[in-house]
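One structure is given below, encoded as structure tokens.
Note on naming: letters A, B, ... go to the chains in the order of the sequence lines (proteins, then strands), and numbering restarts at 1 for each one. Every heavy atom of this structure was used, including side-chain atoms; hydrogens, water molecules and symmetry mates were not.
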Amino acid sequence: MLDNLEVELNKEQYDAVVSKNRSLLIIAGAGTGKTRVITYRIAYLIKKYDVRPGNILAVTFTNKAASEMKSRLYSLIGSLSTALHIGTFHSICLNILRTDGHFIGVDDSYSVIDQDDRLVIIKRIIKDLGIDDKRYPPRKYLHYISEFKNTMSYVNYQKPSETILKLALVYDRYQEQLNSSRFIDFDDMLSLVVRMFYKDSSVLEKYQEIYKHILVDEYQDTNKIQSTFLSLIGKGNNICVVGDDDQSIYGWRGAEIANILNFDKEYEDVKEIKLVENYRAGQKILDIANNVIEYNINRRGKKLVSAKDIDAEIRYETLSNEALESNFIIEEIKTLILKDTDYFDIAILYRKNSQSRNFEISLNRAGIKHKVIGAISFYQRKEVKDILSYLRVYENRFDILSFRRSLKIPTRGIGDGTIDKVILYSQTNGVDLLHSLVDSGCISKRQQVEIDKYLQLFIKLDSMVSIRDKINYIVENIDYLLYLRQYDDIDTANKRVDNIAELYSAAVAFEESVEGVNLRDFLSSTSLTSSATEEQDLTNTVKLMTIHASKGLEFDTVFLTGLEEGLFPSSQSSDDGDIEEERRLCYVALTRAKRRLYLTSARERLTYGKRSRSPSSIFLREMGMVSSNTKSSGMLGRSILDSSIDKFDVSSLSTNSNSYISSSLSKLDSDSFSVADKVSHAVFGDGVVLSIDRSGESEKVVVHFKSTGQKKILSSFLNRR
DNA sequence: CAAGTTTACCTTTTT
DNA sequence: GGTAAACTTG
């Protein structure tokens with residue numbers, strides 16, 4: 001396959017794959033075969049230039065992109081690909097820190113704090129300092145601290161200047177908290193590695209020796225620290241960066257577009273290659289994307305040209321309100337599905353996560369299989385964090401946040417007052433939290449029994465080798481399913497139990513995928529990834545996601561929704577003058593579509609509590625979809641009378657639906673089993689019902705058995721006990 | 001002092 | 001329409 005490159009690739013792609021320049025800048029427009037170029041180049045380096053796979057580092061921004069690259073390379077070069085270093089900036093840096101962090105006093109017992117927990121810490125500090133959280137919201141502090149940690153000042157051990165009230169003080173306390181709980185945050189993963197590289201050149205040299213060839217995806221999204229990291233290990237080595245200034249959508253996270261604009265000044269022997277031939281979409285779609293992005297001033301400038309002779313369809317509809325918008329979309333989807341019964345590839349895109357709700361409701365009602373991607377990350381769900389908190393305390397006995405959480409869930413007669421005292425004892429005496437529970441003398445006689453049980457749990461965990469057993473044991477020991485049933489209604493309890501089961505599967509998958517895994521690696525992975533299961537098969541599933549999450553993906557049919565002023569472009573952004581980034585976001589959204597692109601807006605929308613009207617998005621005018629003087633319906637689209645949708649009978653949706661029935665729709669009958677029921681089986685013995693599957697003809701139940709763990713069983717074989 | 005109940009606040013976008 | 005902090009009760 002590498003022998004036929006001239007045929008398989010266009011001229012620019014070919015040049016990019018075989019170039020011998022030490023530094024290579026590839027400007028790759030949307031859909032121009034960027035991933036193909038990177039993977040082929042890696043394969044080419046190995047096969048033709050005899051580069052050892054272990055000397056190649058490929059960096060991506062998302063886990064999705066990393067795993068995609070891994071699998072593509074596996075199909076290109078087979079098992080050779082396993083020696084490649086492929087990962088996100090964060091996972092690569094965390095690995096470096098785990099291996100060599102002791103050079104800067106970060107030993108491998110440090111755990112990663114997640115965003116929610118950071119907020120908890122900041123809120124507490126702000127309260128302690130008596131800062132008015134109305135005028136100075138905690139999020140602001142988080143943002144400034146994060147911003148500061150992405151500067152060289154932090155790398156050089158300095159402190160932030162007082163941008164907002166008492167920022168330096170808040171920062172100090174935040175760092176203290178992190179240190180005493182042995183935490184690093186997301187920014188530390190990168191900054192501390194850079195700090196280490198400056199402090200100890202021998203460590204840096206070690207990695208310069210390993211990473212002889214560096215390839216970076218989405219280079220336009222790199223921030224100062226990331227580009228510093230790259231230049232440190234990349235100087236004198238070979239570096240190839242791929243990016244598109246028009247798709248830079250992470251400016252709010254510190255991405256510096258200057259990195260890609262100044263690449264030729266930073267590196268030596270630079271060659272620049274531009275890819276503009278688009279293999280994804282019909283020209284019609286590319287035209288309106290080109291139209292929009294041309295309104296941006298701050299860009300290098302390029303125009304996408306379609307290489308495919310696809311007859312693309314574009315349609316714009318404006319509806320009275322958000323409910324009708326979603327009804328319209330679902331109706332369209334139903335006709336599309338009927339047309340392409342064997343295979344369909346549909347995505348609904350929106351500016352912010354909260355917009356997904358309406359679509360979920362309508363899709364559920366219509367019985368169309370769908371999946372919301374990335375809304376709340378799996379590992380941030382309450383039930384998952386509850387169980388993980390025990391594992392975290394087990395692993396890091398200074399983790400006060402998980403300590404507090406695990407002590408309070410389930411309730412054991414120990415509250416914040418007592419816990420505060422124990423934590424204080426731990427921090428003043430440097431004793432770990434579990435020992436402090438015993439030593440501090442804060443536990444009353446009445447509480448002692450429960451505390452003993454709590455401590456016993458951790459002793460018992462010691463005797464278990466696998467992560468899955470530990471999870472099982474925790475769930476059972478604290479009677480978590482009962483806890484869920486007690487506090488949640490049956491539907492949410494069901495969902496939560498499902499998630500616990502998924503957590504268990506994630507542990508199993510993790511233990512199977514890596515050799516010699518330990519709990520710490522598993523816990524790190526929960527901090528670094530947002531979903532539990534690896535890429536599942538989403539064929540014939542309608543995908544719902546934010547535009548940000550859609551970057552790098554492509555779909556046959558795309559619904560770009562909520563095209564209204566204030567929503568998209570977002571009012572937050574345009575106030576800050578970031579309209580250009582919003583426009584790039586729009587460009588990203590439009591270029592996801594291959595054959596069909598639907599644009600929708602609602603004249604009126606319910607935003608938490610209030611109904612408000614907004615005019616259609618300026619982007620529609622920039623695309624050329626709407627004339628600039630009126631808010632008319634689309635010129636390419638067929639106008640639908642809103643009233644015809646108003647009269648639409650929703651009950652008919654559920655009856656005439658096809659075979660794509662969502663299993664989550666199952667309702668609970670009184671004579672069947674429910675979640676958390678105690679059951680027994682002739683062979684497997686006693687167990688607890690984890691979830692119920694009524695999608696098939698007969699009811700199947702996932703049961704956790706004391707003897708053999710999880711099994712899916714026909715409910716007719718089970719008895720109540 | 002812990003558990004249960006009500007109110008307030010919320011919203012960009014993500015590793 | 002969901003969750004976390006504030007408030008009230010036991």
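The side chain of A:Thr546 contributes an N or O atom lying less than 4.0 Å from OP1 or OP2 of B:dT14. Of the side-chain N and O atoms in A:Asn223, none sit less than 4.0 angstrom from OP1 or OP2 of B:dT15. OP1 or OP2 of C:dA5 has at least one side-chain nitrogen or oxygen of A:Lys123 nearer than 4.0 Å. Phosphate contact (OP1/OP2 of B:dT13, side-chain N/O of A:Asn353, threshold under 4.0 Å): present.
As a whole-Å value, the separation of A:Asp185 CG from B:dT14 P is 19 Å. Between A:Gln355 atom CD and B:dT12 atom C1' the separation is 10 Å, expressed in whole Å. Between the P atom of B:dT15 and the CD1 atom of A:Ile184 lies a distance of 17 Å, rounded to the nearest Å. Across the protein-nucleic acid pair, A:Arg583 atom CZ and B:dT13 atom C1' stand 18 Å apart, rounded to whole Å. Spacing between atom CG of A:Leu349 and atom C1' of B:dT12 amounts to 16 Å, rounded to whole angstrom units. In this structure, the CD1 atom of A:Ile361 is 9 Å from the P atom of C:dG2, given to the nearest Å. Rounded to whole angstrom, the span from the CG atom of A:Leu585 across to the C1' atom of B:dT12 amounts to 10 Å. Note: NZ (A:Lys495) to P (C:dT3) measures 10 Å, nearest angstrom.
A donor-acceptor contact under 3.5 Å is formed by the side chain of A:Lys352 with the base of B:dT11. Residue side chain A:Gln115 reaches the base of B:dT15 through a donor-acceptor N/O pair under 3.5 Å, judged by distance alone. On a pure distance criterion of 3.5 Å, no polar donor-acceptor pair joins the side chain of A:Arg253 and the base of B:dT13.
Taking the charged nitrogens against the carboxylate oxygens, A:Arg299 and A:Asp245 have no contact shorter than 4.0 Å, which rules out a salt bridge. No salt bridge links A:Arg605 with A:Glu322; every basic N to acidic carboxylate O contact stays at or beyond 4.0 Å. Taking 4.0 Å as the cut-off between side-chain N and carboxylate O, A:Lys385 and A:Asp117 count as a salt-bridged pair. The pair A:Glu218-A:Lys34 meets the salt-bridge criterion, with a side-chain N (NZ, NE, NH1 or NH2) lying under 4.0 Å from an Asp/Glu carboxylate O.
The side chain of A:Ser570 approaches B:dT12 more closely than any other nucleotide in the set C:dG1, B:dT14, B:dT12. Closest to the side chain of A:Trp252, from the set B:dT15, B:dT13, C:dA5, is B:dT13. You'll find that the side chain of A:Phe186 is closest to B:dT15, out of B:dT15, C:dG1, B:dT14. For A:Arg139, the side-chain atoms get nearest to B:dT11 when compared with the rest of C:dG2, B:dT11, B:dT13. For A:Thr62, taking side-chain heavy atoms from C-beta onward, the closest of the listed nucleotides B:dT15, C:dG1, B:dT13 is B:dT15.
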Give DNA chain C the dot-bracket treatment, 5' to 3': Watson-Crick (N1-N3 with N6-O4 or O6-N4) or G-U (N1-O2, O6-N3) under 3.5 Å, [ ] crossing, | other strand. .|||||||||
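Residues forming a side-chain hydrogen bond (donor to acceptor under 3.5 Å, both in side chains) with A:Ser356 (at least two apart in sequence, or on another chain): A:Glu360. Taking A:Asp399 as the reference, A:Ser402 meet the side-chain hydrogen bond (donor to acceptor under 3.5 Å, both in side chains) condition, with sequence neighbours excluded. In this structure A:Glu68 satisfies the salt bridge (Lys or Arg N to Asp or Glu O under 4.0 Å) test together with A:Arg72, sequence neighbours excluded.
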Could you run through nucleotides 1-8 of chain B and give me one letter per nucleotide, 5' to 3': B if any protein heavy atom sits under 4.0 Å from the base, S if only the sugar-phosphate is that close, - if neither? SSSS----
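Along DNA chain B, the nucleotide nearest to A:Ser354 and the one nearest to A:Gln380 differ in position, and the one closer to the 5' end is contacted by A:Ser354.
Aromatic ring orientation, A:Tyr250 versus A:Trp252: tilted (interplanar angle from 30° to 60°). Ring geometry for A:Phe197 against A:Tyr207 counts as tilted: the plane angle lies between 30° and 60°, on a 0 to 90° scale.
A:Phe89 comes within 4.0 angstrom of no nucleic acid atom, judged by non-hydrogen atoms across all strands. Using a 4.0 Å heavy-atom criterion, one finds that A:Phe61 contacts the sugar-phosphate atoms exclusively.
Contact of the A:Val497 side chain with the A:Glu383 side chain is not registered, since no non-hydrogen atoms from C-beta on lie closer than 4.5 Å.
Crowding of A:Lys140 atom NZ: a count of heavy atoms from other residues, nucleotides or ligands under 6.0 Å not exceeding 12.
Rounded to the nearest 0.5 angstrom, A:Tyr154 OH and A:Ser146 OG are separated by 10.5 Å.
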Using a cut-off of under 3.5 Å, enumerate the N/O to N/O pairs linking the protein to nucleotides 6-8 of chain C.
residue : atom : partner  : partner atom : Å
C:dA6   : OP2  : A:Lys127 : NZ           : 3.3

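A:Arg98 and A:Tyr110 are not linked by any side-chain donor-acceptor pair at a separation below 3.5 angstrom, with hydrogens and angles left out of the test.
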